[in-house]
Amino acid sequence: MRQKTTAAPMTAAVWAQLLLLGAIWGGTFVMGRIAVLEIAPITLVLLRVGIAAAALHLWLFATGRTFAPALRMAGPLFLLALFNNVIPFSLIFMGQTELGAGLASILNATTPFWTAIVASAFLPDERLTVNKLAGVLIGILGTAVMVGPGVLASLGGPVWAKLLVLGAALSYAFAFILAKRLSGLAPPIVATGQLTAATVIMLPLALLVDGGSGTADASPKAWAAVLGIALLATAVAYILYFRIIASAGASNASLVTLIVPASAVLLGIVFLGERLELFELAGLALIAGGLVVIDGRLFKRRRDDAAAQ
């Protein structure tokens with residue numbers, strides 16, 4: 001009989017890692033918006049996963065780690081690469097040909113909602129608690145507040161682009177579940193194996209679809225964005241991502257996508273000149289409130305203080 005495991009609670013250390021990962025991945029939408037204007041989306045995905053995979057293989061070699069455990073798990077890693085890299089990266093970059101960094105990240109913030117549903121169905125140790133459900137719904141409400149006015153006014157890009165990014169969010173939900181099943185492997189091994197598999201998938205696809213379109217004429221600014229996406233937002237971020245999943249579970253790790261919009265919107269303002277509207281501020285406040293509800297410690301502390309009086 002398979003032993004049932006229970007994900008660890010969200011400690012202060014895990015929250016710190018989650019906030020750091022959210023800040024890093026918020027930057028991905030800004031850098032992606034810069035790069036995708038000059039480099040075709042599918043080729044950009046190949047560059048992202050290929051450079052990141054090469055960097056992680058060098059890191060494994062430098063630290064004396066072996067890649068052999070990943071080879072024994074090649075099948076699950078290829079499946080994870082499909083749902084965690086190939087499908088969502090492609091959909092997001094294609095969507096970002098029309099969408100700004102802030103809006104793309106906000107649509108991606110629906111990931112915890114889908115993950116909570118999928119995890120409760122497939123993982124016995126990922127129960128959908130009242131706090132988590134309420135917090136996710138508040139976060140999704142915040143997302144709706146941020147997106148709603150623009151959608152109603154037909155602003156922020158075409159509907160098809162928004163649907164692509166929502167499709168990426170659903171793909172990520174299944175990826176969190178698949179990643180949980182690989183939690184027995186060390187995070188650097190899982191990250192390297194996943195990105196290597198994604199590179200194998202993307203290489204023929206990019207050559208067939210794009211033929212390397214845009215890479216020869218891309219500006220230094222675009223290449224700097226590519227390197228930032230590949231090395232920081234992919235190689236480094238995925239080690240951190242799999243560490244969070246191993247210690248706190250798939251549903252808790254997916255909460256990072258509620259943090260990403262705040263980072264992406266603020267970075268979009270600073271680096272891309274995007275504007276932050278009043279309704280977007282309100283949405284960010286709701287998302288922050290949702291995270292507080294999910295964490296639950298503030299309410300527990302108040303109950304304990306009330307009981308002590």
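Quick caveat, the model's predicted, so the values are computed rather than measured.
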Q: Please check if Leu207 and Val226 belong to a single hydrophobic cluster, counting links between Ile, Leu, Val, Met, Phe, Trp and Tyr side chain heavy atoms closer than 4.5 Å.
A: yes
Q.
Rounded to the nearest 0.5 Å, what separates atom CG in Leu164 from atom CG in Leu91?
A. 5.5 Å
(Q) Do Pro41 and Thr97 make a side-chain contact, defined as non-hydrogen atoms from C-beta onward lying under 4.5 Å apart? (A) yes
(Q) Within the 3.5 Å criterion, strictly below it, is a donor on Thr196 or His57 matched to an acceptor on the partner's side chain? (A) yes
Q: With rounding to the nearest 0.5 Å, note down the distance linking CD1 in Ile239 to OG1 in Thr192.
A: 6.5 Å
Q. Short question: side chain of Trp25, backbone of Ala233 - any donor-acceptor pair under 3.5 Å?
A. yes
Q. Are Leu60 and Leu58 joined in one hydrophobic group, where the rule is that I, L, V, M, F, W and Y side chains link up if heavy atoms are under 4.5 Å apart?
A. no
Q. If only atom types and distance count, is the side chain of Ser247 paired as donor or acceptor with the main-chain N or O of Ile244 below 3.5 Å?
A. yes
Q.
Please check this pair: side chain of Glu38 against backbone of Ser219, looking for a donor-acceptor N/O pair closer than 3.5 Å.
A. yes
(Q) Once rounded to the nearest 0.5 Å, what's the spacing between atom CG of Leu82 and atom CG of Leu178? (A) 9.5 Å
Q: Calculate, to the nearest 0.5 Å, the distance between atoms CG and CE belonging to Leu44 and Met202 respectively.
A: 9.5 Å
(Q) Would you compute the distance between atom CD1 of Ile87 and atom OH of Tyr172 and round it to the nearest 0.5 angstrom? (A) 11.0 Å
Q.
Do Phe176 and Thr111 make a side-chain contact, defined as non-hydrogen atoms from C-beta onward lying under 4.5 Å apart?
A. yes
Q. Hey, what's the ring geometry for Phe93 with Phe89, parallel, tilted or perpendicular (30° and 60° as the breaks)?
A. tilted
Q: Consider only side-chain heavy atoms of I, L, V, M, F, W and Y, link residues closer than 4.5 Å, and tell whether Val209 and Leu37 are in one cluster.
A: no
Q) Which distance, rounded to the nearest 0.5 Å, do you find between the CG of Asn85 and the CG of Leu80? A) 7.0 Å
(Q) I'd like to know if Phe61 and Val190 are part of one continuous hydrophobic network [Ile/Leu/Val/Met/Phe/Trp/Tyr, side-chain heavy atoms within less than 4.5 Å]. (A) no
Q. Can you tell me if Thr43 uses its side chain to pair, donor with acceptor, with the backbone of Ile39 under 3.5 Å?
A. no
Q: Any chance you could lay out the ring pair (Phe, Tyr, Trp, His ring centres under 6.0 Å) test for Phe83 and Phe78, step after step, and finish with the verdict?
A: CA-CA 9 Å; Phe83 283 94; Phe78 267 91; over 10 Å; no
(Q) Assigning hydrophobic clusters by single linkage (Ile, Leu, Val, Met, Phe, Trp, Tyr; side-chain heavy-atom cutoff under 4.5 Å), is Ile92 placed with Trp160? (A) yes
Q: Determine, stepwise, if the pair Tyr238 / Leu21 fulfils side chain to side chain contact (heavy atoms under 4.5 Å, CB included).
A: CA-CA 9 Å; Tyr238 269 114; Leu21 184 58; over 6 Å; no
Q: For Thr234 and Ile229, indicate whether the former's side chain and the latter's backbone hold a donor-acceptor pair under 3.5 Å.
A: yes
